[in-house]
Number of protein chains: 2
Amino acid sequence: MPIARRQPRDRAGLSDAAAPPDMSPLDQKLGFRLRLAQQTAFEAFHRLMSPLGLTPGRMGVLLLLEANPDIRQTALAEALRIKPSNLTVLLAALEAEGLLRRAEDAGNRRANLLRLTAAGRALLTRAKAAEAEVERQLTESLTPAERAALIAALARVAAG
Amino acid sequence: MPIARRQPRDRAGLSDAAAPPDMSPLDQKLGFRLRLAQQTAFEAFHRLMSPLGLTPGRMGVLLLLEANPDIRQTALAEALRIKPSNLTVLLAALEAEGLLRRAEDAGNRRANLLRLTAAGRALLTRAKAAEAEVERQLTESLTPAERAALIAALARVAAG
DNA sequence: CTCATTTGTTATGCGCCATAACGTTAAGCG
DNA sequence: CGCTTAACGTTATGGCGCATAACAAATGAG
């Protein structure tokens, strides 16, 4: 019987393998938690919406176009909180796919009036159902009241 | 009294200028609210931390290195929830700036043991103060209880 | 008409994330 | 022991979201 093994395998000394790292410096930071939650949200969105060829930005365009026919790009970019330069690229792709139309404003030839095509409306119908499932999965561990409080709190953070 | 101007300037017909777009399709969506809040958080972080040469990712490395000296890169990447391949780039820059040291593990020559340098610790001291101000600005419209509830809700969303 | 503004486009870069391919070192196993 | 598999890290590449700057075209004000 070996004398020397008084504490067999009980890790009394220095760890030699998997001591879990101390994450306490990060886990109460709002920025870190926002990043993780947004990453989860993006993954859920991608999982369910990429079969429809939609990213969050593209979906936002379609939704706001349905609610605001003949909107100008500047106004749409403002509503989406993105820069007009980035919207240009989004719109070019969506138009090339036949989901929307950019028509010149007769009264202001600088402006493009945006409108969904029939194909765009058809896609949006399917997309709304998929998007509802995304929201459901994301908030399935929250009560409706907690979900509402979360959204309200996020809105206040974003408002500054 | 002019007869013809029955409804002077009341926009009874088509709008000719700034009808505010209908954002209702987006404003209750968790994904959209997460994006806006995270964008605000990133802007606040950048405003106060970029003078110190820090991004969120770099700050996370420094914080976890202080709490976990001699951690391996794989464990650090897991704790930060980033991929080891992306951590490599972060660490190379931080090491080139003299903020941390990558020492070969004597008992496992594959692994790098990470440790802050004196310069890294000095920077981190200043960075913590600035980061506290970031958190303060972000949550200044929330009560402490609301802030805690927000972080808890975000953690549950991220947990799936 | 001239000049400043509005509207949209293009180009470029950063931060973060992911995957794939690779070299090196260590560990498992016959 | 030698072979195979796994762990650890690096490099390269691409996507997404965001930002700025420089630009062209059309409009409106003086």
Side-chain angles (χ1 to χ4, degrees), chain A residues 16-18 31-32 34-47 49-50 53-61 70-78 80-93 95-96 102-114 158, chain B residues 16-18 31-32 34-47 49-50 53-61 70-78 80-96 100 102-114 158:
Chain A
D16 58 356
F32 183 67
L34 277 172
R35 201 198 101 217
L36 295 190
Q38 213 232 3
Q39 190 175 341
T40 299
F42 188 88
E43 279 163 15
F45 194 101
H46 186 264
R47 187 170 356 102
M49 306 291 282
S50 72
L54 293 179
T55 62
R58 291 160 70 90
M59 181 67 178
V61 169
D70 285 339
I71 196 176
R72 287 181 294 105
Q73 292 187 198
T74 302
L76 179 59
E78 249 174 65
L80 289 169
R81 314 284 210 101
I82 67 177
K83 298 293 168 192
S85 56
N86 297 320
L87 182 57
T88 295
V89 185
L90 267 179
L91 292 178
E95 187 178 33
R102 278 192 281 197
E104 212 175 52
D105 184 346
N108 184 350
R109 282 185 335 203
R110 290 171 299 189
N112 292 333
L113 298 185
L114 305 172
Chain B
D16 60 355
F32 183 67
L34 276 172
R35 200 198 100 217
L36 296 189
Q38 213 232 2
Q39 190 174 340
T40 299
F42 189 87
E43 279 163 17
F45 193 101
H46 186 261
R47 187 170 353 103
M49 306 292 281
S50 72
L54 292 181
T55 61
R58 291 160 70 91
M59 182 67 177
V61 168
D70 286 338
I71 195 177
R72 287 179 295 106
Q73 292 187 198
T74 302
L76 178 59
E78 248 173 67
L80 290 169
R81 312 283 208 101
I82 68 176
K83 298 293 168 190
S85 56
N86 297 319
L87 181 58
T88 295
V89 184
L90 268 179
L91 292 178
L94 291 168
E95 187 177 34
L100 59 84
R102 279 193 280 196
E104 209 176 52
D105 183 347
N108 185 350
R109 283 185 334 205
R110 290 172 299 189
N112 291 334
L113 297 185
L114 305 173

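Numbered from 1 within each chain, the chains take letters A, B, ... in sequence-line order.
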(request) Applying side chain to side chain contact (heavy atoms under 4.5 Å, CB included) between L114(A) and each of R72(A), Q73(A), E95(A), report the one that passes. (result) Q73(A)

(request) Kindly indicate whether the side chain of T88(B) and the base of dT11(D) share any N or O donor-acceptor pair separated by less than 3.5 Å? (result) no

(request) May I ask you to verify whether the side chain of T74(A) and the base of dT6(C) hold a donor-acceptor pair under 3.5 Å? (result) no

(message) Please confirm whether the shortest side-chain N or O distance from R109(B) to OP1 or OP2 of dA7(D) is below 4.0 Å.
(response) no

(message) Both L113(A) and F42(B) contact DNA chain C. Which one's nearest nucleotide lies toward the 5' end?
(response) L113(A)

(request) Taking only the side-chain nitrogens and oxygens of Q73(A), find out if one of them lies under 4.0 Å from OP1 or OP2 of dT6(C). (result) no

(request) Measure from CD on E104(B) to P on dT24(C) and round the result to the nearest Å. (result) 13 Å

(request) Write down the atom of A92(B), the atom of R102(B), and the distance for their closest heavy-atom approach. (result) CA-NH2, 3.3 Å

(request) Examine dG17(D): is either OP1 or OP2 under 4.0 Å from a nitrogen or oxygen in the side chain of R35(B)? Give yes or no. (result) no

(request) Examine dA18(C): is either OP1 or OP2 under 4.0 Å from a nitrogen or oxygen in the side chain of Q39(A)? Give yes or no. (result) yes

(message) With hydrogens left out and only the distance checked, is there a donor-acceptor pair under 3.5 Å joining R110(A)'s side chain and the base of dA25(D)?
(response) no

(request) Identify which nucleotide among dG8(C), dA19(D), dA26(C) has an atom closest to any side-chain atom of N86(A), counting heavy atoms from C-beta outward. (result) dA19(D)

(message) Does dG9(D) have OP1 or OP2 under 4.0 Å away from a side-chain N or O of S85(B)?
(response) no

